[in-house]
Amino acid sequence: MLDMKRIRENPDLIRQGIANKNEKDTVGDILELDGKRRAIIQEVDALKNTRNVVSDEIAKLKKNKENADDKIAEMKVVSEKIKGMDSDLREIEEQMDELLLFVPNMVHESVPVGKTESDNKHIREWIPEGIIGLNAESDETLLDHVALGSKLGILDFERGAKLSGSGFPLYMGKGATLERALINFMLDLHLEKHGYKEVFPPFVVNTESMRGTGQLPKLGDDMYRCADDDLYLIPTAEVPITNIYRGETLGADELPMYMCGYSSCFRREAGSYGKETKGFLRVHEFNKVELVKYSMPENSYDELEKLVGNAEAVLQALNIPYRLVLLCTGDTSFASAKTYDLEIWAPGEKKWLEVSSCSNFEDFQARRANIRFKRDAKSKPEFIHTLNGSGLATSRLMISLLENNQTPEGKIVVPKPLQKYTGFSVIE
RNA sequence: GGAGAGGUGGGUGAGUGGCUGAAACCAACGGUUUGCUAAACCGUCAUAGUGCGACAAGUGCUAUCGAGGGUUCGAAUCCCUCCCUCUCCGCCA
């Protein structure tokens, strides 16, 4: 949600920002409603003032046992008028909110302008030595994760589909253990090395929470909804974790706040069938360790860089080749002001796969969710900046992990840091 | 699922139709006092919208006592609907 004042004062900048994100421009309509709204407010406030003043006079007259019938009759009319105008006002405000909720966040000046992912900016890559499959373009003996998973009996996509439908992975045996190990490894890394506080959130949230982080109203179709209870399955732990302090005012000493939590993530992604549906590439349910930060406004971009570094640390520890990409305006999500994607190399797919998306939302989510802080006891509350990033999503990570760590015989070597979590070093 | 209780400012908690945006206390902040601390005393102490003003300082008005509607000249206070929290019972991991 953008500040109305900001739209009123810089309409052209906002228009440009909307265009850069390929979103619908409603600035004209918003400004018109804003004008109407303010005109009504001025008029109705004056009437309310009259009503309040005269009502006081009536009270005094009655106290002195004098007649107040004239004034009462007069105010009866005024009250009716107020009632009508208040209802007009409410209608206009609803229309405005409807439009404002669909205005995307403005991007940071460092974000490259562009339409599609081809305009994204490559920042850096990290490719460890001695990784097999890095030249996989020429290596036809490499197996992809689906083949590996089924050969080793650790992934069973067919039976997962039997249970729930396609896109609901089933891990078996050492595959299940490896998944659990990954989650624990990542959590421990962020808690012990990066200073995050652990959170274990609910996986189902209400509409207020979804609105707070910006999933609603725009992305409702992409989520699983429990209609009877008006609850949603979370698409990411970002939603519950960012909303923890919704509607609250924090002290400056509580910032920055680093929170880290595991959750299952549920995505309907209506309409995406047929694209990259193989194995783990695109699934309806996956596991993710999420990093969330609350920051002071002036520090949020430093915090973003650190956040990206925290996500990279996972990949480096696991020896997985990756590259870091800065998304262009057109590829940056609705609520984000700046987003980096981490993409890991999957030799079996011969593709770079997005495994983490790290964003600074500035005050966009904080405004929707009303999360503020006070610099000190006397100062006015300000909106915090919120950030989040995957740290990381295991399904995509698992693809790369399996494919990069396969031996010529088709075994999987478990990366060293995971072994204390798995209890085994090879899957065969 | 059944029965009951309750939702007031940062907290506790008064307040059943008219100077109540809201007592009191606590916390917080500023100050006086003090060798330091404590205590005591004085003061300040909500948020949002909107107007005037320089998108300042400041100042006026309006709204807000869970949410929405209703009654009334006037509602924290009366009526209706909804939401939430708590307690007890049942069921259940």
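Here is how names work: the chains are called A, B, and so on, in the same order as the sequence lines, proteins then strands, and each is numbered from 1.
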Nucleotide interval of RNA chain B bounded by contacts with chain A (heavy-atom cut-off, under 4.0 Å): G18(B) to G74(B)

Separation of the C1' atoms in G9(B) and C65(B), to the nearest angstrom: 9 Å

Residue-level proximity of residues 90-99 of chain A to RNA chain B when a heavy atom falls under 4.0 Å: R90(A)

Parallel, tilted or perpendicular, as decided by the 30° and 60° cut-offs, for the rings of F334(A) and F364(A): perpendicular

With P415(A) via side-chain contact (heavy atoms from CB on, under 4.5 Å) - residues at least two apart: L318(A), L401(A), N405(A), P417(A), L418(A)

Which atom pairs, one a donor and one an acceptor, fall under 3.5 Å between side chains of residues 58-67 of chain A and the rest of the protein, sequence neighbours left out?
{"unit_1": "N64(A)", "atom_1": "ND2", "unit_2": "K60(A)", "atom_2": "O", "d": "3.4"}
{"unit_1": "N67(A)", "atom_1": "OD1", "unit_2": "D69(A)", "atom_2": "N", "d": "2.8"}
{"unit_1": "N67(A)", "atom_1": "ND2", "unit_2": "D69(A)", "atom_2": "OD2", "d": "3.4"}

Side-chain polar contacts of residues 147-160 of chain A - donor-acceptor pairs under 3.5 angstrom, sequence neighbours left out - could you list them?
{"unit_1": "K151(A)", "atom_1": "NZ", "unit_2": "E409(A)", "atom_2": "O", "d": "3.2"}
{"unit_1": "D156(A)", "atom_1": "OD1", "unit_2": "E158(A)", "atom_2": "N", "d": "3.4"}
{"unit_1": "D156(A)", "atom_1": "OD1", "unit_2": "R159(A)", "atom_2": "N", "d": "2.9"}
{"unit_1": "D156(A)", "atom_1": "OD2", "unit_2": "R159(A)", "atom_2": "NH1", "d": "2.6"}

Counterpart residues, side-chain contact (heavy atoms from CB on, under 4.5 Å), relative to Q42(A) (two or more places apart): none

Those residues of residues 55-74 of chain A lying under 4.0 Å from RNA chain B by at least one heavy atom: S55(A), I58(A), A59(A), K62(A), I72(A)

Donor-acceptor contact present, side-chain E403(A) to main-chain H145(A), <3.5 Å: yes

Dot-bracket line, read 5' to 3' along RNA chain B, where crossing pairs take [ ] and | marks a partner on another strand, Watson-Crick or G-U under 3.5 Å: ((((((((.[[[..)..(.....]]].(((((.......))))).(((((((.....))))))).[[[[[..)....]]]]])))))))....

Non-neighbouring partners of E349(A) that pass salt bridge (Lys or Arg N to Asp or Glu O under 4.0 Å), sequence neighbours left out: K278(A)

Interatomic distance at C1', A63(B) relative to G21(B), whole Å: 11 Å

Intermediate values then yes/no, side chain to side chain contact (heavy atoms under 4.5 Å, CB included), L250(A) and Y294(A): CA-CA 10 Å; L250(A) 305 165; Y294(A) 284 4; 3.6 Å; yes

Integer angstrom distance from the C1' of G17(B) to that of G74(B): 8 Å

Separation between the C1' atoms of G6(B) and G13(B), rounded to whole Å: 14 Å

Straight-line distance of S264(A) OG to N287(A) CG, nearest 0.5 Å: 4.5 Å

C42(B) versus U47(B) - spacing of their C1' atoms, nearest Å: 27 Å

Listed partners of K174(A) passing salt bridge (Lys or Arg N to Asp or Glu O under 4.0 Å), at least two apart: none

Check: Q419(A) side chain, V414(A) main-chain N or O, donor-acceptor pair, under 3.5 Å: yes

Those residues that, when tested against T116(A), pass side-chain contact (heavy atoms from CB on, under 4.5 Å) (two or more places apart): S118(A), D119(A)

Any residue meeting side-chain contact (heavy atoms from CB on, under 4.5 Å) with F200(A), in chain and number order, not counting sequence neighbours: F203(A), Y262(A)

